[in-house]
**Student:** 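If you scroll down you'll find the structure; I have some questions about it.
Counting starts at 1 for both ligands and their atoms, in listed order. Below, all heavy atoms of this structure are taken into account, side chains as well, without hydrogens, waters or symmetry copies.
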Amino acid sequence: MQRFSIIKGNIVKAKTDAIVNAANTSLLGGGGVDGAIHRVAGEELLEECKSLGGCKRGEAKITKGYNLKANYVIHTPGPIWRGGKFGEDELLENCYKNSLRLAKENGVKTIAFPSISTGVYCFPVDRAAKIAVKAICSFLQTDSALEQVIMICFDEETKEAYVNAFEEYKRKDAM
Ligand code: APR
């Protein structure tokens, strides 16, 4: 569990091997963290994304990082919140699991995530944090190759949600 940490910051500044992009299914950029990553990475990122033919929600695709500090960007379109009865929880869990799987397949040792789907896609942040923390910590319990996973929260409210979710997870795990 000590390989997982939660900080407040801007994911485009992360020095990890990979950063995860809360993308949309076109993979052709957008606002929020997607817009920030494309702005810093530059045009070449968009060019590579155009060759990928989009990405289904809950799945993930990897590209180079170009002008970012990170060597890779893992793009994963999260679920759009529609009230919770349309498989949103499972899709969100798959975003984390598939991003971590792809990172491992590409020899990534350190990776940073944003809070997927809790912005434009309106997924409730406390609920999303529980799903994300469980998916990340469960992966780390079965994998020793990944050295560091960082959740980079853009604001205090989001950070608090993830810190609370992580504390709750550690309490349950200790039982
Ligand atoms: N670094 C870290 N986190 C960020 C950054 C940043 N530079 N910018 C935004 N965030 C945070 C938001 O505050 C929110 O907590 O990322 C989280 C996810 O918000 P969005 O970026 O809106 O992503 P999402 O809710 O998954 O919606 C994806 O928005 O930008 C479009 O193209 C994207 O259509 C897709 C949709």
**Student:** Closer than 3.5 angstrom, by distance alone: can the side chain of D155 be matched with the main-chain N or O of E157 as a donor-acceptor pair?
**Tutor:**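 At least one qualifying donor-acceptor pair exists.
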**Student:** Checking the side chain of R57 only, and the main-chain atoms of G78 only, is there a donor and an acceptor separated by less than 3.5 Å?
**Tutor:**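 Looks like yes, one N/O pair under 3.5 Å.
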**Student:** With respect to atom 32 (O) of ligand 1, which of T118, V40, D34, D155 exhibits the smallest heavy-atom separation?
**Tutor:**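 Comparing heavy atoms across T118, V40, D34, D155, the nearest one to atom 32 (O) of ligand 1 lies in D34.
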**Student:** Can you tell me which residue and heavy atom of the protein come closest to atom 26 (O) of ligand 1, and the distance to 0.1 Å?
**Tutor:**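 The closest one turns out to be S117 N, 2.9 Å.
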**Student:** Short list, please: which atoms of ligand 1 are under 4.0 Å from a heavy atom of G32?
**Tutor:** 8 (N), 21 (O), 30 (O)
**Student:** So if I count the atoms of ligand 1 from 1 in the order they appear, which ones are less than 4.0 Å from some heavy atom of S115?
**Tutor:**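 Those of ligand 1 that fall under 4.0 Å from S115 are 15 (O), 17 (C), 18 (C).
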**Student:** Closer than 4.0 Å to some heavy atom of A22 - which atoms of ligand 1 meet that?
**Tutor:**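 Ligand 1 atoms under the 4.0 Å threshold to A22: 23 (O), 26 (O), 28 (C), 33 (C).
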**Student:** Within less than 4.0 angstrom of ligand 1, does V12 place any heavy atom?
**Tutor:** no
**Student:** With respect to atom 13 (O) of ligand 1, which of F113, W81, F154 exhibits the smallest heavy-atom separation?
**Tutor:**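 Among F113, W81, F154, the closest heavy atom to atom 13 (O) of ligand 1 belongs to F154.
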**Student:** What is the closest protein heavy atom to atom 21 (O) of ligand 1, and at what distance does it sit?
**Tutor:**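 In this structure, atom 21 (O) of ligand 1 has V33 N, 2.8 Å as its nearest protein heavy atom.
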**Student:** Do any N/O atoms on N10 end up under 3.5 angstrom from N/O atoms on ligand 1?
**Tutor:** yes
**Student:** Would you mind listing which atoms of ligand 1 come within a distance below 4.0 Å of any non-hydrogen atom of G31?
**Tutor:** 30 (O), 31 (C), 32 (O)
**Student:** Indicate yes or no: does E168 engage K172 in a salt bridge with an N to O separation below 4.0 Å.
**Tutor:**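 A salt bridge is present here (some side-chain N lies under 4.0 Å from a carboxylate O).
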**Student:** How does the hydrophobic cluster around I152 look, that is, which other residues are in it when side-chain heavy atoms under 4.5 Å mark a link?
**Tutor:**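 Cluster partners of I152: I7, I11, V12, I19, V33, I37, V40, L45, Y66, L68, V73, I150.
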**Student:** Please list, chain by chain and in numerical order, all residues satisfying side-chain contact (heavy atoms from CB on, under 4.5 Å) with E47, sequence neighbours excluded.
**Tutor:** E43, K50
**Student:** Considering non-hydrogen atoms of the protein only, which is the closest contact for atom 28 (C) of ligand 1, and what is the distance?
**Tutor:** Y121 CE1, 3.5 Å
**Student:** A23 near ligand 1, heavy-atom distance under 4.0 Å?
**Tutor:** yes
**Student:** For the pair D17 (side chain) and K109 (backbone), establish whether a donor and an acceptor sit closer than 3.5 Å, ignoring hydrogens and angles.
**Tutor:**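 Yes; at least one donor-acceptor contact below 3.5 Å.
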**Student:** How long is the span from the CG atom in N94 to the CZ atom in R101, to the nearest 0.5 Å?
**Tutor:** 9.5 Å
**Student:** Find the distance between CD1 (I74) and CG (L100) and round it off to the nearest 0.5 Å.
**Tutor:**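 I74 atom CD1 to L100 atom CG measures 7.5 Å (nearest 0.5 Å).
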**Student:** Does E48 use its side chain to pair, donor to acceptor, with the backbone of K64 at less than 3.5 Å?
**Tutor:**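 Yes; judged by distance alone, with no hydrogens or angles, the pair exists.
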**Student:** Tell me the nearest of G119, A161, A14, C153 to atom 25 (O) of ligand 1, using heavy-atom distances.
**Tutor:** G119
**Student:** If the plane angle is over 60° it's perpendicular, under 30° parallel, otherwise tilted; pick one for F166 and F4.
**Tutor:**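 F166 vs F4 ring planes: perpendicular.
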**Student:** So is there a nitrogen or oxygen of V120 less than 3.5 Å from a nitrogen or oxygen in ligand 1?
**Tutor:**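 By distance alone, the answer is yes.
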**Student:** Who's the nearest protein heavy-atom neighbour of atom 2 (C) of ligand 1, and how far?
**Tutor:** I11 N, 3.6 Å
